[in-house]
Undergrad: 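Have a look at the structure that comes next, please.
Order of listing sets the numbers, starting from 1, for every ligand and every atom in it. Quick caveat, the model's predicted, so the values are computed rather than measured.
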Amino acid sequence: MKGRKLLMIPGPIEFEPEVLQILGSPTTSHVAPDFIESFGKSLEMMKEVWLCPSGQPFIIAGSGTLAMDLAGANLIEPGDNVLVISTGYFGERYAELLKRYGASVKILRSEIGDIVPIDKIEDVLKSGKFKILTFTHVDTSTAVLVDPKPIGELCQKYNVLSILDGVCSVAGEEIRQEEWGIDVALTASQKAIGVPPGLALLVASEKAMNTWKNRKAPVGNYYADWGNWLPIMTSYAERKPSYFGTPAVNLVHALEKSLDLILKEGMENRFNRHHKIASAFRLAIKSLGMNMIAKNDTISANTLSAPYYPEGLNGSEFLSGVTNSGVIIAGGLLGDIKSKYFRVGHMGSVNQGDILTTIGALESALMAADYQFEIGTGIKTALAYLNS
Ligand code: PMP
């Protein structure tokens, strides 16, 4: 029997075998020709995945929080006004992070499970005092999806730099960074990008790079300073050796492979696959009598889902029941409602078999908890949708 359980948390995810194999290859020098080629190609492919042909990509060893830090450290100067649109846990994190760089932060918070209406954002931006706006494309604590397009438009109208936290969205949710006028789109390797944890990834617009170039105050973070990293990215792009901090050699090789697989699938196909699997999962969950945190389908993420436990169900027993059925899912993350819901990741390499297995494991755990429902309802609903 296969001892391994299916990993369905919202990152790290299940990785493609070809990507994992690379991690076991002998580590080369960070100035070896094959590594330089791999780094250079990865930078080129990032621009295609982000749909940002004129952007400046960065690949730096670290987690998603470092990617958030990179944008904050390089773009904020003490006293800058920043508007943070918060749809959950990670919006609050961004506000805290930006304060460290001396930003004066205003937070616009959504109701739990909702987004901040665009006219409310415009009312605040009208004051003309904001230099930067940040928002979380998919907040991993609530599975709420924010539409980046109108936010990008507003930011251009009011000449505000836009930063999209795409840690739980890039390469899963539709992003057209350049067309939508998003200045920074950042992520980490372990989610829809499909590479084990350890890489902070970011693409910055020309406007963002110029803002950094024209800053008066020095960047208050040595490791994150683009002044240290831009020459490295430029060298690798030109296929020349370079050094500032030792790159995560094997992870970069793995990134090249994963980006190649993503582009072979094609961005449109990838967005559609995520949408289809997420829709099937949501329908299945609803057919089992559970409700999502996200208020409606338009603002529901396609990379993960966050359903409330049914009334009266013991959450931790339910989670153990799912694990015992061979699938690992995640508990809640957001403060007050943490114990009332669970999260299922469905991004990256996820396929129909994975989602059906997950629904089966949820049904097994519901049966073990004596929850009253017709066995097979979730599977039946998902299958009907997937084959319609
Ligand atoms: N932003 C979002 C939306 C996330 O989901 C996460 C990770 N769950 C982060 C930021 C932070 O990333 P990391 O844990 O890799 O530092």
Undergrad: Could you tell me which atoms of ligand 1, counted from 1 in the order shown, lie closer than 4.0 angstrom to a heavy atom of Ser63?
TA: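 Those atoms are 13 (P), 15 (O), 16 (O).
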Undergrad: Can you list the atoms of ligand 1 that are under 4.0 Å from a heavy atom of Thr136?
TA: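 Listed by number with element, the hits are 3 (C).
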Undergrad: Between Asp139 and ligand 1, does any nitrogen or oxygen pair lie at a separation below 3.5 Å?
TA: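 No.
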Undergrad: Give me the residue, atom name and distance of the protein heavy atom closest to atom 11 (C) of ligand 1.
TA: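 Checking every protein heavy atom, the shortest distance to atom 11 (C) of ligand 1 gives Thr65 OG1, 3.5 Å.
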Undergrad: As an exercise, identify every atom of ligand 1 less than 4.0 angstrom from a heavy atom of Lys191.
TA: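 In order of numbering, the contacting atoms are 5 (O), 7 (C), 8 (N).
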Undergrad: Of the non-hydrogen atoms in Lys257 and Ile22, which two are nearest, and what is the gap between them?
TA: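 Heavy-atom minimum between the residues: CB-CD1, 3.4 Å.
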Undergrad: I would like to know whether His30 and Phe35 meet ring-ring contact (aromatic ring centres under 6.0 Å, His included); could you show each step before the answer?
TA: CA-CA 6 Å; His30 56 285; Phe35 180 70; 7.4 Å; no
Undergrad: Just by distance, no angles: are the side chains of Asn314 and Ser316 close enough, under 3.5 Å, to form a donor-acceptor pair?
TA: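 Checked: Asn314/Ser316 side chains pair up, N/O donor to acceptor below 3.5 Å.
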Undergrad: Tell me, which protein residue and heavy-atom name are nearest atom 10 (C) of ligand 1, and how many Å apart are they?
TA: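 Ranked first by proximity to atom 10 (C) of ligand 1 is Phe90 CD2, 3.4 Å.
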Undergrad: Give the atoms of ligand 1, by number and element, whose distance to some non-hydrogen atom of Met68 is under 4.0 Å.
TA: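 So the atoms of ligand 1 that pass are 10 (C).
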Undergrad: Identify, with sequence neighbours excluded, every residue that meets ring pair (Phe, Tyr, Trp, His ring centres under 6.0 Å) alongside Phe318.
TA: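 Counting only residues at least two positions away or on another chain, Phe318 forms a ring pair (Phe, Tyr, Trp, His ring centres under 6.0 Å) with Tyr309, Phe342.
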Undergrad: Does a side chain donor of either Tyr101 or Glu77 reach within less than 3.5 Å of an acceptor in the other side chain?
TA: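 Result is no, nothing qualifies.
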Undergrad: Set out, in order, the CA-CA distance, both residues' side-chain angles and the distance that settles ring-ring contact (aromatic ring centres under 6.0 Å, His included) for Tyr222 and Phe244, then state yes or no.
TA: CA-CA 11 Å; Tyr222 184 70; Phe244 166 62; 5.7 Å; yes
Undergrad: Carefully, step by step, assess Tyr308 and Met292 under the rule side chain to side chain contact (heavy atoms under 4.5 Å, CB included).
TA: CA-CA 6 Å; Tyr308 284 108; Met292 298 290 176; over 6 Å; no
Undergrad: Would you say the side-chain atoms of Glu92 and Ser86 include a donor-acceptor pair closer than 3.5 Å?
TA: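 The criterion, which ignores hydrogens and geometry beyond distance, is satisfied for Ser86 and Glu92.
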Undergrad: How close does the nearest protein non-hydrogen atom get to atom 12 (O) of ligand 1, and which residue and atom is it?
TA: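 Its nearest protein heavy-atom neighbour is Gly64 CA, 3.5 Å.
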Undergrad: With heavy atoms only and a cut-off of under 4.0 Å, state how Asp165 meets ligand 1: side chain, backbone, both or neither.
TA: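 The part of Asp165 near ligand 1 is the side chain, not the backbone.
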Undergrad: Against ligand 1, does Val138 come closer than 4.0 Å with any heavy atom?
TA: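 Contact check Val138 vs ligand 1: positive.
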Undergrad: Write out the residue and atom name of the closest protein heavy atom to atom 14 (O) of ligand 1, then the distance separating them to 0.1 Å.
TA: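 The closest heavy atom on the protein side is Gln190 NE2, 4.2 Å.
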Undergrad: Considering distance alone, does some N or O of Thr140 sit under 3.5 Å from an N or O of ligand 1?
TA: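 Min N/O separation from ligand 1 is below 3.5 Å for Thr140.
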